[in-house]
Asker: 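Just passing along the structure, written as structure tokens.
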Amino acid sequence: MSTSGVRAEDMRIVVDIVSAVGLGPGGSPLEVDLPVGSTVKDLLSMLFELYGNSLRQRLVRQSNGQPFVTFIVNGERAELDYEFSHNDKLLIIPPIGGG
Amino acid sequence: MTKHLYGVWNKFLSVDLSSGAIEPWQVPHEYYRLYLGGKAMGARLVNDLHLERADPLSPDNVLMMLVGPASGTSFPGAAKAILVTRSPLTGIYLDSATGGRLADSIKRSGYDGLLLKGRAQRPSYLFIRNEQVEILPADDLWGLPVRETEERLREKHGLAGKGSVLAIGPAGENLVPFACCTNDWYHQAGRGGTGAVLGSKNLKAVVVFGQHKVPLADPASFQKACSAWSRQARESERVAFRTKYGTLTTLDMTQRLGIVTVKNFQDGSYDGYDTVNAERIRETYVVKDLTCLGCPMPCGKHSRYQWQGETEEVGGPEYETLALMGANLDVRTLEGIAHLNYLCDDLGLDTISAGNVLGCAFEAYERGLIGQDQTAGLALKWGDVEAIETLIRQMAHREGFGADLALGVKGFSQKYSLDDSLAIHVKGMELPGYDPRGTTGYALEYAVADRGGCHRRARPLVKEVNSEQFRFGYEGKAELVKSLEDQRAYYHSLPVCDYVPTFFGMGPADHAELLHFATGWDITPQDLLRVGERAINLARLFNNRCGVTSADDTLPKRFFKQAMPRGASAGRTIDPKGLAAMRDEYYALRGWDSEGQVTPETASILELE
């Protein structure tokens, strides 16, 4: 991952999460560069490498690795197999709490 | 239907506080299939008892504390009791749910609910221990705050850690129309003034301890299924997330969407968010998780904090209190919000309504519409916790300027001839912590909800967060709100907590299966949703009898005229035509006429005659 200069075969994605502490140290949003054809699932793998277990526990089930959060790309819901386009904005939403 | 019923007792307890008469009371057998209990049963009974003829604070009004087939069992989420009455705040239908141990205690005393009417000649409390029912003097409790009342009653009756104690504070005694009832330390039937109704009956508290076992049709299958749900919940990350944060993370969402209620709904972004947020509250203040009886998802939070050199503890704060006592008054410290939460709880005030009427007054003061002549020299400066504390105490005791605030937003704004834009209520019910300019689903829900401006009848944000276009749009909202209302209404008729199905992943088919094991009835998922529809329609029939028409199904003018100034909903207003279109579509889906009246045909289809 790099945040300086996008290679021709890379896309730049902006990732954010609905949380006051962001994705981890350094906060959010975060700009990441991904190879063309990358999916939400690929991005998650990259984020887990970056932020480790603390982020993993906030996003996916321990039992099967399936997310319990919701992914919104450019204002619309997306699934794990969604393929990003350059300049997509991904927002991660934890389960809705209620009032 | 067989003569013997499983899962319910076929018996209510009627208490006439005027005469002292304590009697069993029954409803027709078919009511249990048509209405189950809780909300739908209450919505039926307010009509049967013609409470539209009763002044809400007169002896003629009846306060019902209703349970249902889920109560007193291991049914997931079964800790909710539903209080139903004619509201002194709105003058229309009111139900208000509370957790803790109340539902279990009532059910296991052998009742499907309590009906409290009349007015005791002296301050009293009701004591129920299985078959033993007494109206006892409460002269020594009158005037006490809620916590001390509960502590004294638990000690007197040997109920440490068992049974339920529900009490009102000074606000309820003084008939503040948004006074709440509190039970089992921190659980509230918060909205609409159930505490004032109890106060009008001279009833300080209800103490209940029941030990009967509820007879079930197929107890082995029922228990096996409930245990499986419990086991699954303990392994669920969604449940773990909910347990960790409770309702606190809702502020993350509303801040993100720009729909926090700030300075009397003048803004949607909260400048205190960096210091008041879920992560910080969890890490810094929460000392333990609190649970309703039997729930494997302890989503309540017990917070400890320092206030002016003293250690205070509070159950919460919940999201609504963060929004209305925090952001809406521009209080930017958790200690300040928690302290105000503590005060409202102990004095017996609903934090949503109190935060709204204070916000209304602070804005009026800021705009020079009221001054220190009216406030007895008190400056109303946003975020001034000490000034807010003074006013909360005055409100609860109906003293000074606080006596005017104690009228609620509608009464207060009328008294001071304030523009409707400042008066944030629907049908007299102050709005909760979601600005409708950034959620048209809530705009519709606030307009049509049976108890006035309320967020608990439907939660359209669950779908709206998936799409910005949908969040601001007017299409599809009527159908969404209706379906969510029907669902919530049957949850509250079982009754079960509305968050347990969401986080456990339980649907109507799961509930139907458990209900079959409990009662022996062959009941379908569609039957359950039909119960929800009946509840909504019966509440509307009652409201129609109270004079509610389509003209009342609207929003405060602010949301039509003033655009959200910043944040993710910046520039947004509610289009009056869009709201009217959603409302008309909603009426059509409900089978109501263009005036919002339940038609005879709809009543017939739903077997409401």
Side-chain angles (χ1 to χ4, degrees), chain A residues 13-30 40-41 44 47-48 51-82 84-85 87-99, chain B residues 190 235-242 244-257 273-283 299 318-324 352 432-434 442 454-456 459 461-472 497-499 502-503 505 568:
Chain A
I13 311 297
V14 180
V15 190
D16 203 354
I17 185 169
V18 177
S19 164
V21 296
L23 291 161
S28 302
L30 182 75
V40 173
K41 194 174 178 185
L44 283 187
L47 292 175
F48 294 156
Y51 294 111
N53 215 25
S54 64
L55 183 66
R56 186 188 300 271
Q57 286 173 358
R58 290 166 64 197
L59 305 187
V60 301
R61 296 176 212 283
Q62 285 173 310
S63 52
N64 57 11
Q66 289 298 304
F68 60 92
V69 295
T70 304
F71 303 105
I72 306 290
V73 178
N74 305 332
E76 300 294 328
R77 185 164 182 162
E79 300 301 327
L80 273 181
D81 59 1
Y82 172 84
F84 287 113
S85 301
N87 285 334
D88 271 353
K89 288 183 177 156
L90 170 71
L91 179 63
I92 302 172
I93 303 181
I96 292 198
Chain B
E235 292 164 1
S236 157
E237 278 80 6
R238 281 177 67 87
V239 170
F241 178 85
R242 173 72 175 180
K244 184 171 180 187
Y245 297 107
T247 60
L248 295 172
T249 47
T250 301
L251 183 59
D252 294 332
M253 178 65 67
T254 53
Q255 176 79 355
R256 174 71 59 158
L257 299 178
Y273 180 65
D274 286 346
T275 48
V276 178
N277 59 63
E279 292 291 346
R280 186 150 182 275
I281 293 169
R282 175 78 221 185
E283 294 305 319
C299 67
E318 301 284 342
Y319 168 69
E320 292 299 332
T321 303
L322 293 177
L324 276 310
I352 299 178
Y434 310 83
Y442 264 131
C454 167
H455 63 296
R456 292 302 290 270
R459 194 167 177 72
L461 266 183
V462 294
K463 297 280 184 213
E464 291 180 317
V465 295
N466 292 342
S467 160
E468 287 205 5
Q469 193 184 345
F470 188 60
R471 177 158 78 93
F472 295 117
C497 171
D498 29 318
Y499 292 116
T502 303
F503 284 89

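Here the structure is a predicted model, which is why all the values come from computation and not from measurement. Residue numbers start from 1 in every chain, and the chains themselves are labelled A, B, ... in the order their sequence lines are given, proteins ahead of strands.
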Asker: Under 4.5 Å, counting heavy-atom pairs only, tell me which of B/M253, B/R280, B/K244 racks up the most with chain A.
Answerer: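 Going by pairs under 4.5 Å, I would pick B/M253.
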
Asker: Of the backbone (N, CA, C, O) and the side chain (C-beta and beyond), which part of B/Q255 lies under 4.5 Å from a heavy atom of chain A, both, or neither?
Answerer: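 B/Q255 has no heavy atom closer than 4.5 Å to chain A.
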
Asker: To check you understand the geometry: which heavy-atom pair defines the closest contact between A/P95 and B/F503, and what is its length?
Answerer: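 Here A/P95 and B/F503 meet closest at CB-CE2, 3.7 Å.
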
Asker: Which atoms of A/T70 are under 4.5 Å from chain B, going by heavy atoms: the side chain, the backbone, both sets, or neither?
Answerer: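 Contact with chain B involves the side chain of A/T70 alone.
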
Asker: For chain A, which candidate among B/R459, B/E320, B/E468 shows the most heavy-atom pairs at distances under 4.5 Å?
Answerer: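 Going by pairs under 4.5 Å, I would pick B/R459.
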
Asker: Between B/Y245 and chain A, with a heavy-atom cut-off of 4.5 Å, which part of the residue counts as in contact: side chain, backbone, both or neither?
Answerer: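 When you check distances to chain A, no heavy atom of B/Y245 falls under 4.5 Å.
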
Asker: Nearest 0.5 angstrom please: B/E237 CD to A/N64 CG, how far?
Answerer: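 If we round to the nearest 0.5 Å, B/E237:CD and A/N64:CG are 7.5 Å apart.
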
Asker: Looking at B/T502, B/T250, B/N466, B/N277, which has the largest count of heavy-atom pairs under 4.5 Å with chain A?
Answerer: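 Top option by heavy-atom pairs under 4.5 Å: B/N466.
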
Asker: Using every non-hydrogen atom in the two residues, find where A/A20 and B/D252 come nearest and quote the distance to one decimal.
Answerer: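 That closest heavy-atom pairing would be N-OD1, 3.7 Å.
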
Asker: Quick check on A/V60 against chain B: is it the side chain, the backbone, both or neither that has a heavy atom closer than 4.5 Å?
Answerer: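 Interface part for A/V60: backbone (N, CA, C, O).
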
Asker: Which bit of A/L91 comes within less than 4.5 Å of chain B, counting heavy atoms only: side chain, backbone, both or neither?
Answerer: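 Side chain only.
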
Asker: Roughly how far apart are A/D16 CG and B/R256 CZ, rounded to 0.5 Å?
Answerer: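 Nearest 0.5 Å value for the CG-CZ distance: 4.0 Å.
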
Asker: When you look at A/E76 and B/Q469, which way does the side-chain contact (heavy atoms from CB on, under 4.5 Å) test go after all the steps?
Answerer: CA-CA 8 Å; A/E76 300 294 328; B/Q469 193 184 345; 4.0 Å; yes

Asker: Considering only heavy atoms, which portion of B/R456 lies under 4.5 Å from any heavy atom of chain A: side chain, backbone, both, or neither?
Answerer: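 Interface part for B/R456: side chain.
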
